[in-house]
S.K.: 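Structure below; questions to follow.
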Amino acid sequence: MIRTRFAPSPTGYLHIGGVRSALFNWLLARQSGGQFILRIDDTDAGRNVSEALQPILDGFRWLGMDWDEGPEVAGPHAPYYQSQRSQRYQEAAEQLLASGHAYRDYATPDELKAERDAAEKKGERFFYDRQWMAETDEQAAAFEAEGRPRTLRLKMPREGTCIINDLVRGEVQFEWAQEQDTVIQRPDGSCLYHLASVIDDHDFNISHVVRAEEHLPNTPRQIFILESLGYERPQYAHLPYVAEPGGSAKLSKRKLAKYENNKDFAQLLARGRNIAERCDIPVEADTFNPVIIDFYREIGFEPEAILNYLLLLGWSLDGETEKFTVDEMVKLFTIERVNKSPASFDPKKLIAFQGDAFAQLPLATRIERTQPFAARAGLLRSPEAEEKLAKVVAGADDRLKMAGDILDFDYFFLDEFTFNDKAFNKRICKPQNARPLLIELRGHLAQVDFSSADQLEQEIGQFCVNLEIELKDIIHAIRVATTGQAGGFGMFDTLAILGKDRVLDRIDEALERAATICTDS
RNA sequence: GCCCCCUUCGUCUAGUGGCCCAGGACACUGGAUUCUCAGUCCAGAAACGGUAGUUCAAAUCUGCCAGGGGGUACCA
């Protein structure tokens, strides 16, 4: 039985790279009828865990990655919080000490630092020489009498090779002699990550440790721990990390400011901020950002689109197939086809996937998705607004890339709207017959029934025939006058949705504006 | 510095010795269609880090070099 795990720290946000690691773990488990476990690495005390964990669990639920064991679902190996498992780590630490695989060490942080600095000065690699190792209880007592702090260190082998057969990297070798005597327990008795992680993976029966490649160099010491304890090795798969947009360094939540200099990243962020601002969504610098999963949920992305995009960041089926439903991902994913090299996060391609996924949705679903955004932005105040929303979403068609884009069509809902200056100049000021035609058309439109777009098309067509002009001689001016925009969807649909009153008012408004701002030349 | 990993179009990738003067996708450019925008269709530009070998034949194998990255914690 394949059992995989993802182990987030409760920091209050779910990193996009983390989501990808989690996805690969989840896929691996699901495709074989295995299990996916969520374990919380909250060894850092002093933080309100439940509060900081919630956004992460919400993220998982939103993405549809369910976990078989972990927070809020419990399970046979509970607790799944490392902070509640210290007793267990303590036992393991003692076992390691008793078997001679670990030793008590009494070096002070200052002494260590001095040695480290000295080694660096000589251009050498620091290597702890076990100077303050207590080999006997007497020695330990003596050190303790001096008031020295006690840590527990791994007594790493000084010769031989550690061979790891990694599922994505193949065989990787490390010389034991290069490994440091890692500290596994602090003076206060708390245990460190490497110990905790190994114990938990063993206790939870994790069969496949699938994690980011920054853990690869840590693996030998973890293997040392687990073999010293007599545990079986899990299978390892070290994933390439997700790199920053336009770069090759690891995508980091600490470098948000830097990414804003990336054009594509900045555009995505700006798009999100625009939606958030109008919908009154709190924009916290820490979480409202394309590196964090919450961002996408807030502005109306489809979880499947994100999953699909992330899947392709480091994995491919065949170089041709790009679109996968979640079921297909589960069925077709193979750890063997995970790439070795880092993949950089490309906001543009993510948007392309999202736009595609959104367009695939049935109309009713798209309406449903846009509804909350329209509501929060105050577009749905009039009684017939819901009905209008349905028409607008239908008319907008694939111009809507994400649910929050509905705000681009606010001019259908609000009395107030703004004219795009450039379009106004080009379509209304410049063509010399635009204004007379608009006046003429306004008069005609006042007699026309607006209930059907087809009807409007006929009427306006006839209007053009009568005046011996072409449709395009007038239609652009109408668009700008009634929507303020250079582009938009079908003009007759637009007019029908807008309704007669608004259309006439707006033409009047446009004419007034033209009178004041168009400079005759 | 030391250890480890990685290196095909701008980006994600296909490619496991001949099918590759390198295929697909996003983005980009041009054209067609339309009332605009979006879309769609067609076309185009765009890559095997370098080098020395092995071989009849190398993006694919080997060595070296270079570049990038990760790790090097009483962080995870």
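In what follows, chains are A, B, ... by sequence order, proteins preceding strands, each numbered from 1. Keep in mind it's a predicted model, so treat the numbers as computed, not measured.
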S.K.: Would a line drawn from the ring center of A:H215 to the ring center of A:Y193 be shorter than 6.0 Å?
M.R.: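 Yes, close enough.
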S.K.: Nearest to the A:Q178 side chain among B:C2, B:A76, B:C35, which nucleotide is it?
M.R.: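 Selected nucleotide (nearest to the side chain): B:C2.
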S.K.: Who pairs with A:D203 by side chain to side chain donor-acceptor pair (under 3.5 Å), at least two apart in sequence or on another chain?
M.R.: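 Residues passing side chain to side chain donor-acceptor pair (under 3.5 Å) with A:D203: A:R85, A:R88.
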S.K.: Any side chain to side chain donor-acceptor pair (under 3.5 Å) involving residues 310-323 of chain A? Give me the pairs, sequence neighbours left out, ordered by first then second residue.
M.R.: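 Checked against side chain to side chain donor-acceptor pair (under 3.5 Å) - neighbours excluded - the pairs reaching residues 310-323 of chain A are A:S316-A:R337, A:D318-A:T321, A:K323-A:D356.
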S.K.: In chain order, what residues pass the side-chain contact (heavy atoms from CB on, under 4.5 Å) check against A:E468, with sequence neighbours excluded?
M.R.: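 A:E468 satisfies side-chain contact (heavy atoms from CB on, under 4.5 Å) with no residue once adjacent residues are dropped.
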S.K.: Side chain of A:T151 only, heavy atoms from C-beta on: which candidate in B:A73, B:A38, B:C74 is closest?
M.R.: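 In terms of side-chain proximity for A:T151, the closest of B:A73, B:A38, B:C74 is B:C74.
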S.K.: Which parts of residues 466-475 of chain A get close to RNA chain B, meaning a heavy atom less than 4.0 angstrom away?
M.R.: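 The stretch gives A:I475 as the residues lying under 4.0 Å from the strand, ordered by number.
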S.K.: Walk me through it: do A:E144 and A:Y106 pass the test side-chain hydrogen bond (donor to acceptor under 3.5 Å, both in side chains)?
M.R.: CA-CA 8 Å; A:E144 257 156 56; A:Y106 291 91; 2.4 Å; yes
S.K.: Considering only side-chain heavy atoms of A:L312, which listed nucleotide, B:C12, B:U7, B:C5, is closest?
M.R.: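 For the A:L312 side chain, the nearest candidate turns out to be B:C12.
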S.K.: With sequence neighbours excluded, tell me which residues meet side chain to side chain donor-acceptor pair (under 3.5 Å) with A:R479.
M.R.: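 Residues passing side chain to side chain donor-acceptor pair (under 3.5 Å) with A:R479: none at all.
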S.K.: If the condition is salt bridge (charged side-chain N to carboxylate O under 4.0 Å, His left out), which residues does A:R125 pass it with, not counting sequence neighbours?
M.R.: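 None.
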S.K.: For residues 392-412 of chain A, pull every pair meeting ring pair (Phe, Tyr, Trp, His ring centres under 6.0 Å), keeping only residues two or more places apart or in separate chains.
M.R.: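 Non-adjacent pairs meeting ring pair (Phe, Tyr, Trp, His ring centres under 6.0 Å): A:F409-A:F489, A:F412-A:F489.
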S.K.: Set out, line by line, the N/O atom pairs under 3.5 Å between protein and nucleotides 26-31 of chain B.
M.R.:
unit_1 : atom_1 : unit_2 : atom_2 : d
B:A27  : O2'    : A:K348 : NZ     : 2.9

S.K.: Pick out the pairs of N or O atoms, protein on one side and nucleotides 61-69 of chain B on the other, that lie under 3.5 Å.
M.R.:
unit_1 : atom_1 : unit_2 : atom_2 : d
B:G68  : O3'    : A:S248 : OG     : 3.4
B:G68  : O2'    : A:S248 : OG     : 2.6
B:G69  : O2'    : A:Y241 : OH     : 2.1

S.K.: Polar pairs (N or O, both sides) under 3.5 Å between protein and nucleotides 16-23 of chain B?
M.R.:
unit_1 : atom_1 : unit_2 : atom_2 : d
B:G23  : N2     : A:G319 : O      : 3.0

S.K.: Look at the side chain of A:R169 against the base of B:C5 and say whether a donor-acceptor pair falls under 3.5 Å; ignore hydrogens and angles.
M.R.: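 Checked by distance alone, the answer is no.
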S.K.: Of all residues at least two apart in sequence or in a different chain, which pass the ring-ring contact (aromatic ring centres under 6.0 Å, His included) check with A:F463?
M.R.: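 Here the qualifying residues are A:H444.
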S.K.: Side chain of A:M491: nearest nucleotide among B:A73, B:G70, B:C35?
M.R.: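 Among the listed nucleotides, the one closest to the side chain of A:M491 is B:C35.
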S.K.: Only pairs at least two apart or in different chains count here, so list each salt bridge (charged side-chain N to carboxylate O under 4.0 Å, His left out) that has a residue in residues 161-180 of chain A.
M.R.: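 Qualifying pairs, neighbours excluded: A:R169-A:E213.
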S.K.: Per the atom types in the model, does the base of B:C35 pair as donor or acceptor with the side chain of A:R479 at under 3.5 Å?
M.R.: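 Checked by distance alone, the answer is yes.
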